[in-house]
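One structure is given here, and the rest of the page talks about it.
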Protein chains: 2
Amino acid sequence: MGKQMTEMLKGTLEGIVLAILSGRPAYGYEITASLRDKGFADIAEGTVYALLIRIEKRGLVDVEKVPSEKGPPRKVYSLNGQGRDHLDEFWGTWSFLTQRLEQLHDEGR
Amino acid sequence: MGKQMTEMLKGTLEGIVLAILSGRPAYGYEITASLRDKGFADIAEGTVYALLIRIEKRGLVDVEKVPSEKGPPRKVYSLNGQGRDHLDEFWGTWSFLTQRLEQLHDEGR
DNA sequence: CCCACTATTCAGTGTTACTATGTACTGGTA
DNA sequence: TACCAGTACATAGTAACACTGAATAGTGGG
């Protein structure tokens, strides 16, 4: 992954994962695959799992352990009320940033 | 500043400052004021100065010391060729991110 | 029996923005 | 004179985050 992308993902990746979970509950391995599909090809598994543990500790998601047919049990994460609030905040912050940057980009020509 | 914004600025602030410098050369104190004008009210001076030193070490900007009438000499930074390339890369990475997130945001309703 | 795939965890690292403080120069004012 | 506000830059220490690399564990196929 480019170093620029790595830095830009800080703070953003959390929002991305919360947004994915806002659609439906999912487990780590699944989310990693989903990210790859969405174009984030080089996000390491370890990164996603660490993020999930973080948002769990903050109380943004509920967790349920579900047995898998193909491997160890899955930890299925679902967005709760607090998580939904946090996601709303995220979109607010994000749109603020995009507006400022769009303006800067337009000024630059 | 919100913690979310703090994290999201990582990687982005550098691009913002480079974009400002792409318009015209500027010095730290001036850039900090410019950021306040642009809506980034709570960015600490120390943050900007540290960033400027960083991009100087990476060779993205040229520096010239210019005496000031109102205080210590100013360090005026101007974007050089390498900085311009880096800024282009930044916009590329940024637009990739915004596209993915826009899509995610639209899916979320 | 080993390998590929599924699934999670964790210690150590590098980068970044923030906090808090200090330094230095000028001009106005009490 | 002494002090303070404004200008201008620097830096040590901290917290947060994504990445690297590796380990662990379960299942099924060659």
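Throughout, a chain's letter reflects where its sequence line sits, starting with A, and its residues are numbered from 1.
- DNA chain C lies under 4.0 Å from at least one heavy atom of each of the following residues of residues 31-62 of chain A: A:E45, A:G46, A:Y49.
- Between A:S68 and the phosphate of C:dT6, there is no side-chain N or O to OP1/OP2 separation shorter than 4.0 Å.
- Note on A:E30 versus A:R74: no salt bridge recorded, every NZ/NE/NH1/NH2 to OD/OE distance being 4.0 Å or above.
- For the pair A:Y29 OH and C:dT9 P, the computed distance is 15 Å after rounding to whole Å.
- In this structure, B:I43 and B:L9 have side chains that are in contact, with non-hydrogen atoms separated by less than 4.5 Å.
- Side chain to side chain, A:T93 and B:Q4 meet the donor-acceptor criterion of an N or O pair below 3.5 Å.
- The aromatic rings of A:F40 and B:F96 lie perpendicular to each other, with more than 60° between the two planes, well past the 30° mark.
- The phosphate of C:dT9 has OP1 or OP2 within less than 4.0 Å of a side-chain N or O from A:K75.
- When atom types are taken as modelled, the side chain of A:D62 and the backbone of A:Y77 share no donor-acceptor pair closer than 3.5 angstrom.
- Note on A:K75 versus A:E56: salt bridge recorded, some NZ/NE/NH1/NH2 to OD/OE distance being below 4.0 Å.
- Taking 4.0 Å as the cutoff to heavy atoms of chain B, we find the contact window on DNA chain D bounded by D:dG6 to D:dC17.
- Between the CZ atom of B:F90 and the P atom of C:dT16 there is a distance of 13 Å, given to the nearest Å.
- For the pair B:D42 and B:R36, the minimum side-chain heavy-atom distance is 4.5 Å or more.
- If you check residues 5-15 of chain A against DNA chain C, the residues with a heavy atom closer than 4.0 Å are A:E7, A:K10, listed by number.
- Looking only at side-chain heavy atoms (C-beta outward), B:L35 and B:I16 come within less than 4.5 Å of each other.
- At least one side-chain heavy atom of A:F90 sits under 4.5 Å from a side-chain heavy atom of A:T12.
- Counting heavy atoms from C-beta outward, B:R84 and B:E89 have side chains that stay 4.5 Å or more apart.
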